[in-house]
Amino acid sequence: MANRYSVLFEPVKIGPVETRNRFYQVPHCDGMGHLRPRAEAAVRGMKAEGGWGVVCNQETEIHPTSDLSPYAEGRLWDDRDVPALRLTTEAIHAHGSLAGIELAHNGQSAPNWLSRAPSLAPSETAIDGGFPKQARAMDKSDIRDLRRWHRDAALRARDAGFDIIYVYAGHHMTLAHHFLLPQYNDRSDEYGGSLENRLRLTRELLQDTLEAVGDRCAVAFRFAVDEMAGPDAMQSAEEGRAVVELLAEMPDLWDVNVAGWPNDSATSRFAPSEGYQTGYIDFVKQVTSKPVVGVGRFTSPDMMASLVRKGVLDLIGAARPSISDPFLPEKIAQDRVEDIRECIGCNICVSADTLGVPIRCTQNPTMGEEWRRGWHPEKIEPKGDEDQALVVGAGPAGLECAMQLARRGYHVTLAEAGDSLGGRALREGDLPGLSAWKRVSDYRVADLRQRANAEIFLESPLSAAEIHELGIPNVFLATGARWRRDGKGRSARRGLPIAPGARVFTPDDIMAGRLPPAGKVVIHDDDQGYLAGVIAGQLAARGLDVTFVTPAPVVSPFTAYTLEQERIQASLIESGVTLVTGHAVSRVDEDGCRAACVYTGRERSLDCESVVLVTERERDTTLHEALREAPGALRHLQLIGDAHAPGLIADAVYSGHKAARDFERTPEEIDSQLFRREIPALNEW
Ligand code: ADP
Ligand code: SF4
């Protein structure tokens, strides 16, 4: 391996084990966990195949008092959980990588809905999550129990084949972290008070783990060096650094980041730069001689190599970049940097975990489908009997479909009405904070342009007659969807009464640069995704007097799943946007609109010169209908993406990908090979 990134491919010793390179997939949730162990193994195995020298699983419950149900995290309550975890270590070892496990006791972050055990905490406290339940302060015998559970879990993890075993104090999510932080710990015994006392539990857990498994396994410490919450909180300049100094040589590996999870997994909207954590973690290597891994949405090998050379990191940590491109290390090794499918920082992957469903990714439609559909991010079945395909529309769905069809070997013609490629990835990518989303089109356009069997036509709005003239018998229509102007949506299923002279705008107007005039504007967010909040921020920044009306109790509620909601609400408040929650616009007049309380129906008037309606989208199916009515010689006609079912960009990419994979399979085949499921065995254990 002799390219300019060869430093990234050096082996690194971690305690008693050695990783073959510096690419380290840090623990991340994937919605598979103990509920879907085969899918879990396949996700992790794919990362190892793609060249990640270390592949970790996700936070793994060590005891029923740390029960994160209904979420599907790792579980290692007792020996019965070992075989499922062994599937993962075997899948990782098959490619010569090391397997890591993040043992966790989640304390008061675990509501224990399944086990019904009382939650545990350093001190009496209300549990996380807004539930009317409290955690009980642990006494000395509880602490002894916890140490025993952790030790037993470490032994089981070793027996399951893991090479790196974690003690985890981060994200405000584990007992080790709760004991460390004064806001959770007001104990007056030797586990509370001074930093040395608050650190005692962590030290004991590290000691226990080293004694139990340290001869065969590396013991990693995952620690949030900074809470990013100001001087009263843990800061890397003070107590965060002191913790590293106090434990410096004790763990075999330091895995350092920031807390809480929304800060660690910050989206590109709020942390646009790669390496956004470096300023918090760069001191660690000066304090310890043990290897250090850190994250920061790294996708650029230049930055990775420079962080290693500058002595900031020994190992390049990644969760999202490894989800977006499991083959990132391989591509760097093969000098194919331009083929990297860069993470866009949208946190749709995170939303799957927070929704309790299998992981998905905007950029990588095969993520989460490795086992159940047998999809590989870099491989696709060669074409069958057909030779040609036409894809109409170059948004995320059309681009992905065209790219995968070209990879399968068809001669692909891609026609786009507009003068650019990317559809909504470009339109939305031009909005404030979303520029990284353009990577969805950048990656696909670059790939298609290299392919001799793909032809791209811009400014080519095709009609049904023109499609017949082209004579290509297989047609995929990715014609997208447009935001409605009539107010039809969740709160007004039959649309809104809108006065003829009223100034109404849609997100498509805003994205095309047609903005409401200066003055008062009401934004009606019946969509409740991210878009209305982005537009509100944009218009407020331009000096408009913005009122944001939402039927939800908070703004942009979907973004809670992507860990952004609180930031969005704060930024709208800070920008002077008036928030009217629990209301839906009920009519639009020339000089204002009315909004009704969603609970009482009571209406109020809102003064405004214009209204932006963010309600629903209307599919563009005109071409599909025309071709369906007169198919001529067409053999395959399929709607994909938003034209088929409006959703997230991730859904459009997935739809385009699936259509390309399914092409030339019969409907019976597609039906009978619907994804594999992990159906619980009817065993009593
Ligand atoms: P999706 O999210 O499903 O990919 P987009 O709305 O992003 O959908 O993209 C749809 C694309 O299809 C747009 O770029 C639009 O210009 C293009 N398009 C729509 N109708 C036609 C047509 N008849 N011929 C060519 N391109 C079209
Ligand atoms: Fe990155 Fe978005 Fe994929 Fe997550 S879903 S890995 S944030 S591109």
Side-chain angles (χ1 to χ4, degrees), residues 28-30 265-269 271 297 299 318-326 328 341-353 359-368 377 390-402 413-429 436-437 439-441 443-444 456-467 475-483 507-508 511-512 561-564 617-624 626-627 639-656 659:
H28 73 75
C29 303
D30 67 1
S265 292
T267 56
S268 54
R269 186 169 165 189
R297 238 173 36 242
T299 55
R320 290 170 295 174
S322 76
I323 293 167
S324 177
D325 198 339
L328 182 148
R341 208 168 30 240
E342 288 184 289
C343 168
I344 69 167
C346 61
N347 275 7
I348 290 304
C349 50
V350 171
S351 76
D353 179 64
I359 192 167
R360 61 217 52 206
C361 167
T362 302
Q363 276 283 57
N364 174 11
T366 67
M367 179 47 56
L390 169 67
V391 178
V392 181
L399 285 172
E400 173 69 15
C401 184
T413 304
L414 173 62
E416 163 57 46
D419 59 4
S420 53
L421 301 168
R424 65 183 285 206
L426 288 195
R427 293 197 297 274
E428 296 183 27
W437 294 20
R439 288 174 169 184
V440 171
S441 53
Y443 163 72
R444 292 170 173 81
I456 302 175
F457 295 93
L458 283 171
E459 299 183 61
S460 306
L462 294 186
S463 64
E466 285 163 332
I467 289 178
V475 177
F476 296 82
L477 298 176
T479 43
R482 286 285 174 266
W483 288 93
D508 291 315
M511 291 187 279
Y561 298 115
T562 54
L563 311 178
E564 295 171 294
R617 280 175 288 166
E618 204 168 5
R619 304 186 291 138
D620 184 346
T621 56
T622 341
L623 196 50
H624 185 241
L627 288 171
L639 262 186
I640 58 174
D642 288 317
H644 187 53
L648 297 165
I649 293 179
D651 300 317
V653 172
Y654 182 82
S655 158

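This one's a predicted model, so the numbers in the text were calculated from it and none came from an experiment. Just so you know, ligand 1 is whichever comes first in the structure, and atom 1 is the first atom listed for that ligand. FYI, the numbering just counts along the sequence from 1.
- Interatomic distance, OG1 of T267 versus CH2 of W437, reported as 8.5 Å (0.5 Å rounding).
- Remark: Y443 OH to N364 CG distance equals 8.5 Å, nearest 0.5 Å.
- The shortest distance between side-chain heavy atoms of I348 and T562 falls below 4.5 Å.
- Here T413 contributes atom OG1 and I467 contributes atom CD1; the two are 11.0 Å apart, rounded to the nearest 0.5 Å.
- Rounding to the nearest 0.5 Å places CD1 of I323 at 4.5 Å from SG of C349.
- Summarising the geometry, atom CG belonging to D620 is positioned 7.5 Å from atom CZ belonging to R482; distances are rounded to the nearest 0.5 Å.
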What are the polar N/O contacts of ligand 1 with the protein below 3.5 Å, with distances?
from	atom 1	to	atom 2	distance (Å)
ligand 1	2 (O)	D642	OD2	2.5
ligand 1	3 (O)	D642	N	2.7
ligand 1	4 (O)	P396	N	3.1
ligand 1	4 (O)	A397	N	2.9
ligand 1	6 (O)	R427	NH2	3.1
ligand 1	7 (O)	R424	N	2.7
ligand 1	12 (O)	A478	O	3.3
ligand 1	14 (O)	E416	OE1	2.8
ligand 1	14 (O)	E416	OE2	3.0
ligand 1	16 (O)	E416	OE2	2.5
ligand 1	23 (N)	L462	O	3.1
ligand 1	24 (N)	L462	N	3.0
ligand 1	26 (N)	A417	N	2.9

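- Every pair passing side chain to side chain donor-acceptor pair (under 3.5 Å) that includes a residue from residues 419-429 is listed here, sequence neighbours excluded: R424-E428, R424-Y530, R424-D642, E428-Y530.
- Atom CE of residue M367 and atom CG of residue D30 lie 8.0 Å apart, to the nearest 0.5 angstrom.
- Panel detail: atom 1 (Fe) of ligand 2 has protein N, O or S atoms under 2.8 Å away, 1 in number.
- Among residues two or more places apart in sequence or in another chain, the side chain to side chain donor-acceptor pair (under 3.5 Å) test is passed with R297 by none.
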